[in-house]
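First comes the structure, then the notes that go with it.
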Amino acid sequence: MLETIATKAVEKNEAILTDLAKRIWDNPETAFNEVKACEWTAEVLRNAGFTVETGLYGMPTSIRASWGKGHPVVGFLGEYDALPGLSQKVSTEKEPVCAGAPGQGCGHNLLGVSCVGAALGMKAELEERGLEGTVVFYGCPAEEVLTGKAFMAREGAFRDLDVAFSWHGSTSNNLSTGTMTGLNSAIFHFKGITAHAGGDPHNGRSALDAVELMNVGANYLREHVTSDVRIHYVIKEGGTAPNIVPDNASVWYYVRAMSREAIEDTYRRLILVAEGAAHMTETQLEIEYLGGCYNTLNPVMLTNLTHDVMEQIEMPHWTDEELAFADELNKKSQQYQAVKDSGKLENGPLCTFVEPVAKRDGYGSTDVGDVQHIVPCVQVMTATCNLAAPGHSWQITSCAGMSIGMKGMLFGSKVMAATAMKLVEDPKLVEQAKEEFNKQMNGRTYNCPIPKEIPVPQPQNN
């Protein structure tokens, strides 16, 4: 098994890292509101000797912490925002700490801290061996609304890096060369004229009619887009009573696709649908564009290198208590039978091996894709929850607050830190990563999908 100065430094800092992850889990904060998580994370890095800046890029809860000098400049992308409504105790029963409150249903209390651990590990080895290289930790708010890194990139973040690492908890230990979709997000507001729906409906102009006509048009549009496109929506406002013609109504849309070009073209056509609905109903249309993100662009060479390192590092050893806990969660999952039928549970309720690298495309989205269109950036996933845990679920919140999540988090720190040191030791690997990145970009440049005129949301009371 591979043991290095960097991986041993992660072990040495285990108490500090798990304490930080638990504090963030105990105090879940939603997108753009990660005030405590930002403060506590910055404090750990500052105490470890990093130069720490917070509140950069117009984002009060962002962090940039650096140590070292020269190249390679290696970045670690931390996140710490929670999801609304996913409060949960460490329990095998669905049992919120506070009903309706946020919770770490995507394990971001582990995500930011795993990257802190990798940064501490890399720093320790550079320092002990007297090697040149720069470690940069980026604390990135608001991944769950898919705009945090785009706002940061708009103001110049990430361009100082040679390569970057992102980590996320998962049901398994894996790396993929596949693509996850990018996205545009917008709310379409229609304003009409109210009237008595029974007494004088002819004087009314229904904003709800406009929303419904837009939705009909969008559903017809689905037939005429490429197969990678996903269009989905929710009606946010639709009136107050059936006998009142609604003068205000709104619908929130996501447009996803495997490329920015497909996203932007589909979004353009969706706007035409909305404008048509407004014309048909004689209502006024206002579009509230919330932002967007890029599809992912996973580097093949860096992914394979990281996978090789992952296979050499000792994986977590699950205790009988942890296995029993995960087994109970699996049996309560709506995905249990499908996961059982797939054979994934044959070796137990928690992952015990490293999956082969595969090209797995996914139709979720992450703003890591924005960074991946600026600099070569690999995404690492290690097991932090039971094998049948659904995404964004109370089961993930439960595991993220206990030893199962913490062990997977530290394993991820070791994988990233050890791989980063491979890049320090062999600068040719960095050059190869950059060459591959340039080929993938094929002459394109990153253009932030969020215009300058859209302000960064500021922290609100949770």
Side-chain angles (χ1 to χ4, degrees), residues 1-26 37 40-41 44-45 47-48 50 65 74 76-80 90 104 106-125 135 137 139 165-175 306-319 321-323 325-326 350-355 378-387 389 396-422:
M1 289 296 170
L2 177 66
E3 282 192 334
T4 68
I5 297 168
T7 61
K8 290 178 181 177
V10 173
E11 294 173 357
K12 182 179 177 181
N13 285 287
E14 178 179 349
I16 292 171
L17 295 169
T18 55
D19 173 72
L20 175 59
K22 188 63 169 64
R23 279 191 287 162
I24 296 172
W25 187 91
D26 284 333
W40 295 333
T41 302
V44 167
L45 289 160
N47 290 342
F50 283 74
V74 179
F76 299 98
L77 310 179
E79 300 163 10
Y80 23 66
V90 175
Q104 293 291 349
C106 204
H108 286 191
N109 65 304
L110 309 173
L111 201 164
V113 179
S114 185
C115 288
V116 169
L120 297 181
M122 183 180 175
K123 172 186 178 290
E125 185 154 348
V135 188
F137 172 89
F165 289 87
S166 173
W167 174 88
H168 206 292
S170 177
T171 58
S172 65
N173 304 303
N174 72 86
L175 293 102
T306 308
H307 177 267
D308 291 345
V309 171
M310 184 185 286
E311 287 193 311
Q312 297 175 59
I313 293 177
E314 188 173 12
M315 286 185 292
H317 296 280
W318 307 118
T319 65
E321 290 78 11
E322 290 163 347
L323 292 168
F325 189 92
L350 289 163
C351 185
T352 57
F353 62 95
V354 177
E355 293 184 358
V378 64
Q379 295 188 88
V380 181
M381 292 191 177
T382 59
T384 54
C385 59
N386 53 300
L387 279 163
I396 292 177
T397 309
S398 185
C399 290
M402 66 169 299
S403 57
I404 292 174
M406 303 298 166
K407 285 182 177 180
M409 172 190 79
L410 295 170
F411 181 47
S413 296
K414 293 178 182 180
V415 171
M416 289 186 288
T419 308
M421 288 309 303
K422 295 281 188 185

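This is a predicted model, so every value here is computed, not measured.
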Roughly how far, to the nearest 0.5 Å, is OG1 of T18 from CH2 of W25? 14.0 Å
Report yes if the side chains of T171 and N386 come closer than 4.5 Å at any heavy-atom pair, otherwise no. no
Are any non-hydrogen side-chain atoms of Q104 and I396 less than 4.5 angstrom apart? no
Do H168 and Q379 have side-chain heavy atoms sitting under 4.5 Å apart? no
Derivation and outcome, side chain to side chain contact (heavy atoms under 4.5 Å, CB included), residues W318 and T352: CA-CA 9 Å; W318 307 118; T352 57; 4.1 Å; yes
Got a second to check how far D19's CG is from M406's CE, nearest 0.5 Å? 9.0 Å
Salt bridge (charged side-chain N to carboxylate O under 4.0 Å, His left out) involving D308 - partner list, sequence neighbours excluded: none
Spacing of T4 atom OG1 and M122 atom CE [to the nearest 0.5 Å]: 11.5 Å
I want to check something: taking the side chain as every heavy atom from C-beta on, are Q312 and M1 in contact at a cut-off of under 4.5 Å? no
Not counting sequence neighbours, which residues clear ring-ring contact (aromatic ring centres under 6.0 Å, His included) with F165? List them please. F76
CA sep, side-chain torsions, deciding dist, call: K422, V309, side chain to side chain contact (heavy atoms under 4.5 Å, CB included): CA-CA 9 Å; K422 295 281 188 185; V309 171; 4.1 Å; yes
Can any side-chain N or O of T419 pair as donor or acceptor with the backbone N or O of V415 at less than 3.5 Å? yes
For T7 and L2 the tightest heavy-atom approach is OG1-O, 4.4 Å
Just how far is it from atom CG of L20 to atom CD1 of I24, taken to the nearest 0.5 Å? 4.0 Å
For T397, the side-chain hydrogen bond (donor to acceptor under 3.5 Å, both in side chains) test, sequence neighbours excluded, returns none
Is there side-chain contact between L17 and V116, with at least one heavy-atom pair below 4.5 Å? yes
Taking only residues two or more places apart in sequence or in another chain, which ones pass side-chain hydrogen bond (donor to acceptor under 3.5 Å, both in side chains) with N109? none
Please enumerate all residues that pass side chain to side chain contact (heavy atoms under 4.5 Å, CB included) together with S403, with sequence neighbours excluded. E322
Suppose we screen for side chain to side chain contact (heavy atoms under 4.5 Å, CB included). Which residues come up paired with S172, at least two apart in sequence or across chains? S170, N174, C351, E355
Any side-chain heavy atom of L410 within less than 4.5 Å of one from S114? no
Between the CE atom in M402 and the NZ atom in K407, the distance rounded to the nearest 0.5 Å is 8.5 Å
Should L45 and N47 count as side-chain neighbours, where that means a heavy-atom distance under 4.5 Å? no
Return the set of residues passing salt bridge (charged side-chain N to carboxylate O under 4.0 Å, His left out) with E11 (not counting sequence neighbours), or none when no residue passes. K414
Identify, with sequence neighbours excluded, every residue that meets side chain to side chain contact (heavy atoms under 4.5 Å, CB included) alongside A48. F50, L120
Which heavy atom of G121 sits nearest a heavy atom of V10, and at what distance? CA-CG2, 4.3 Å
Provide the full list of salt bridge (Lys or Arg N to Asp or Glu O under 4.0 Å) pairs with a residue in residues 110-125, sequence neighbours left out, each pair given once. K123-E127, E125-R129
Looking at side-chain heavy atoms only, is the closest gap between I404 and T384 below 4.5 Å? no
Is there a donor-acceptor contact under 3.5 Å from the side chain of N13 to the main chain of A9? yes
Around K22, counting heavy atoms of other residues, nucleotides and ligands shown, do more than 12 lie under 6.0 Å from its NZ? yes
For T382, the side-chain hydrogen bond (donor to acceptor under 3.5 Å, both in side chains) test, sequence neighbours excluded, returns W167
Closest contact, heavy atoms only, V113 versus S413: O-OG, 4.2 Å
Which heavy-atom pair separates G107 from A400 by the least distance, and what is that distance? CA-CB, 4.0 Å
My understanding is that only residues two or more places apart in sequence, or in another chain, count here; which of them pass side chain to side chain contact (heavy atoms under 4.5 Å, CB included) with E321? T319
Between F137 and L77, does a side chain to side chain contact (heavy atoms under 4.5 Å, CB included) hold up when you go through it step by step? CA-CA 6 Å; F137 172 89; L77 310 179; over 6 Å; no
Taken to the nearest 0.5 Å, the spacing of M315 CE from F353 CZ works out to 8.5 Å
Output all residues satisfying side-chain hydrogen bond (donor to acceptor under 3.5 Å, both in side chains) with E314, sequence neighbours left out; order by chain, then residue number. H317
